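Encoded as structure tokens, the structure appears first; notes follow it.
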Number of protein chains: 2
Amino acid sequence: MNLTGKVVVAQGGGPTHVINQSLVGAVLESRKFPQVTKVYGAVNGIEGLVNEEFMDLTQETTHNLEQVAMTPSSALLSTRIKPDDAYCKEIFKVLRAHDVRYFFYIGGNDSSDTVRIVNENAQRANYDFRAIHIPKTIDNDLVLNDHTPGYGSAARFVAQAFMGVNLDNRAFGGVYIGVVMGRHAGFLTAAASLAKKYPDDGPHLVYVPERAFDMDKFLQDVKEVYDKYGRCVIAVSEGVQDENGVAIATRLVEQVEKDAHGNVHLGGGALGELLANTIKEKLNISRVRSDTFGYLQRSFMGCVSDVDLHEAREVGEKAAQFALWKDVDGSVTIQRTGNYSVDYQLRQLHEISAKTKYMPDEFLNTRGNNVTDAFITYARPLIGSGFQDAYRLRAPRVPKILVK
Amino acid sequence: MNLTGKVVVAQGGGPTHVINQSLVGAVLESRKFPQVTKVYGAVNGIEGLVNEEFMDLTQETTHNLEQVAMTPSSALLSTRIKPDDAYCKEIFKVLRAHDVRYFFYIGGNDSSDTVRIVNENAQRANYDFRAIHIPKTIDNDLVLNDHTPGYGSAARFVAQAFMGVNLDNRAFGGVYIGVVMGRHAGFLTAAASLAKKYPDDGPHLVYVPERAFDMDKFLQDVKEVYDKYGRCVIAVSEGVQDENGVAIATRLVEQVEKDAHGNVHLGGGALGELLANTIKEKLNISRVRSDTFGYLQRSFMGCVSDVDLHEAREVGEKAAQFALWKDVDGSVTIQRTGNYSVDYQLRQLHEISAKTKYMPDEFLNTRGNNVTDAFITYARPLIGSGFQDAYRLRAPRVPKILVK
């Protein structure tokens, strides 16, 4: 089949460092096919789709597209709207009016669900239509993917941040807590461990949502490390939960703010401050500091994994190839085929959408307070090359002269 | 004169990205002089000096020193102890016992004061002794210096962070507040503006301690920007103060924690949350986010200004040269001699110590809510080369088909 018509590309959800690589991959590849009459970009994700806010990316220069590809955050802007069936019907109406035959939506599992529903609308209307979900999320929580585009660069940021704060903490002693993004999956927090080098390097403790967080156990862990090293560096997911699945952070927030997806907003430093104050009080340690990494970890300019960047480009290209060469719908997934190499497979949309991948047991230690070597082996290639190493002085100590 | 004896180098105060460049510059240069019998490093700053905790850096390899130079945070570790006269007397006793004739102390204005007092002890004892203060502070607040080593790299971090959050904020709209280090001087916060490119790029508002912070005026500023762009990115110093000189952040902190210098600990996200909540309530804007950059801005691995790195190396080298060639005491200062070039002058210790440099009026606009072009011209060279540029799509909009 040689379905003639327009392509629409859109970006949804939280931006990543490399989301524009996927956009540009899909756009440039689509522009090669003679049956593609135009390549549009929807502005503000699905909001742009219902409001007919399109840019004609066929009239964008290749040079500028390549520059945009190197720029973090969604060049087509984004939206947090979670479409219901009526909304998806509107989307389909607009796509049909513009003779759009190929729809590529870059996003997480919410976005893949949107692609699925829009595609079902097209099928019910007997409208020839190809819809492909292009994966993207710093959370690394899409099922059937070895990992997701965006994760590697965010993980690189987290690793570099912990390399630095470990050195800072070593200079002064005390306890440092870094709160990392991740509501349900701990992959990004776990990345804090990727740059450890010396045996006493932090993070010494890592807490993720996959393991119930218990404050007494936490204090015991911190005390143990602090007694050993005179210092302690901790990485903790914003979404850590108690044994009943209640996020520790939400206990604190008086006014819980939710977005349209029902996601509680977990930012603002409350969790870090709670943990820091508890350590100060219960363990009687005076120097306890916490940082909440916040938006920096998904947008920091110039912190990009080359592996992530190339894969993000390729999933965009593959989406266009699957739709235009193979004439199929689905979600592009990343499969690991070697150490380190990947390939891309198309999976059914319903297999991906609205599901969450968690850290497997083998990536977490039995005490639930750290990652394993299996995680390091898994994640290290994803943060890319050119990672700078931290060095220490190793000169001998000088004998004392004055008796003290 | 050809004063034979040992060299001691120490590092004090908060670490920077390039503080080890100064250490290695002083060590390698000192090792060239035949009258230098050994080069020691004091571990944990002046604490190491009174406790005789020395490393023999004459027995450190050049390769490892070069690797350490590229590693952020104090390789000799640090201390927050503020020495009184009795403490400085102890330091001098130890230095004399080890036949130390050259003392190089890398730090901010507190550290230069320590160098001055130790040196006065030596003079009173008629002990031949050269003492040099090597400048370092991300706050950029040392008088008689065009700027200070450490500032350029921290400023680069802040600029890259704001480039990213500006793109993130543009994708979603709403208000973003980034809280930047700086108790008294606003140089680091002002650096948020260095990477602005398009006319509507953030930060749209910049608040520094040099201008009294008024909440009503602040809300009016935010409303104005938000009404114009549908979004607003704000950079604010942790140390912003009201018209009576009371830090806005300290109003909030129930349990004010102070270090030995009487510096109030301003971290933890309270200021950002206060401002965010006030905007939500008073301006009725739903999406308001704040991040407190915290320790990342002074230690993030791999974010270094090449200009800063080279200058930090040179002030260390110059310290050794001033002491060993010229046989003088003082504080090494950076003077700007061109756009962009610098030279180094030695100033008297008492001219530098315990003084603070503030942003000059010409760097701040009359409304006190932003920087001027004069600041950009001043600071842009300091963040170094290879700064990545952000790009936008500029494809034309597509005419709408469905009447909405």
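Below, each value reflects all heavy atoms present in this structure, side chains not excepted, and no hydrogens, waters or symmetry copies. Sequence lines set the chain letters: A, B, ... in the order given, protein chains first and strands last, and positions in each chain run from 1. Predicted, not measured: the structure shown is a model, and the values here were computed from it.
When each of A:Lys93, A:Arg170, A:Lys38 is checked for heavy-atom pairs under 4.5 Å with chain B, A:Arg170 comes out on top. Ranked by heavy-atom pairs shorter than 4.5 Å toward chain B, the options A:Ala69, A:Pro72, A:Ala159 are led by A:Pro72. Comparing A:Ala195, A:Ser74, A:Ala390 by heavy-atom pairs within less than 4.5 Å of chain B, the highest count is held by A:Ala390. Of the residues considered (B:Val43, B:Thr71, B:Asn44, B:Leu23), B:Thr71 shows the highest number of contacts with chain A, using heavy-atom pairs under 4.5 Å. Of the listed residues (B:Met163, B:His98, B:His17, B:Arg392), the greatest number of heavy-atom pairs within a distance under 4.5 Å of chain A belongs to B:His98. When each of B:Leu296, B:Asn64, B:Asp56, B:Val165 is checked for heavy-atom pairs under 4.5 Å with chain A, B:Asn64 comes out on top. Among B:Leu77, B:Asn166, B:Thr61, the residue making the largest number of heavy-atom pairs under 4.5 Å with chain A is B:Leu77. No other option in A:Ser78, A:Gly386, A:Pro399, A:Gly41 has as many heavy-atom pairs under 4.5 Å with chain B as A:Ser78. Most heavy-atom pairs under 4.5 Å with chain B, from the set A:Val68, A:Asp168, A:Leu76: that is A:Asp168. Counting heavy-atom pairs closer than 4.5 Å to chain A, the top-ranked of the candidates B:Ala276, B:Gly302, B:Ala161 is B:Ala161.
Contacts between A:Asp389 and chain B at a heavy-atom distance below 4.5 Å involve the backbone alone (N, CA, C, O). Proximity to chain B involves both the backbone and the side chain of A:Arg394, based on heavy atoms less than 4.5 angstrom apart. If you measure heavy-atom distances from B:Gln11 to chain A, you find no contacts under 4.5 Å at all. For chain B, the nearby part of A:Tyr176 is the side chain; its heavy atoms alone come within less than 4.5 Å. For A:Thr58, no part sits under 4.5 Å from any heavy atom of chain B, backbone or side chain. Contacts of B:Phe54 with chain A are made by both backbone and side-chain atoms, with heavy-atom separations under 4.5 Å.
In terms of modelled atom types and a separation under 3.5 Å, the side chain of B:Glu273 and the main chain of A:Ala270 share no donor-acceptor contact. Without hydrogens or angle criteria, B:Glu52 side chain to A:Leu402 main chain gives a donor-acceptor distance under 3.5 Å. Judged by distance alone, with hydrogens and angles left aside, the side-chain atoms of B:Gln59 form no donor-acceptor pair with the main-chain N or O of A:Arg397 at under 3.5 Å. Looking only at distances, a side-chain donor or acceptor of B:Gln160 sits under 3.5 Å from a matching main-chain atom of A:Met301.
Atoms CG and OH, from B:Asn169 and A:Tyr295 in turn, are 9.5 Å apart once rounded to the nearest 0.5 Å. A distance of 8.5 Å separates CD in B:Gln297 from CG in A:Asp291, rounded to the nearest 0.5 Å. Atom CZ of A:Phe172 and atom OG of B:Ser73 lie 7.5 Å apart (nearest 0.5 Å).
Side-chain contact between B:Tyr391 and A:Met70 is absent, with no heavy-atom pair separated by less than 4.5 Å.
Using cut-offs of 30° and 60° for the angle between ring planes, the A:Phe300 and B:Phe300 rings count as tilted.
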The test is side-chain contact (heavy atoms from CB on, under 4.5 Å); show your working for B:Leu393 and A:Met55 and say whether it passes.
CA-CA 9 Å; B:Leu393 294 170; A:Met55 284 181 134; 4.0 Å; yes

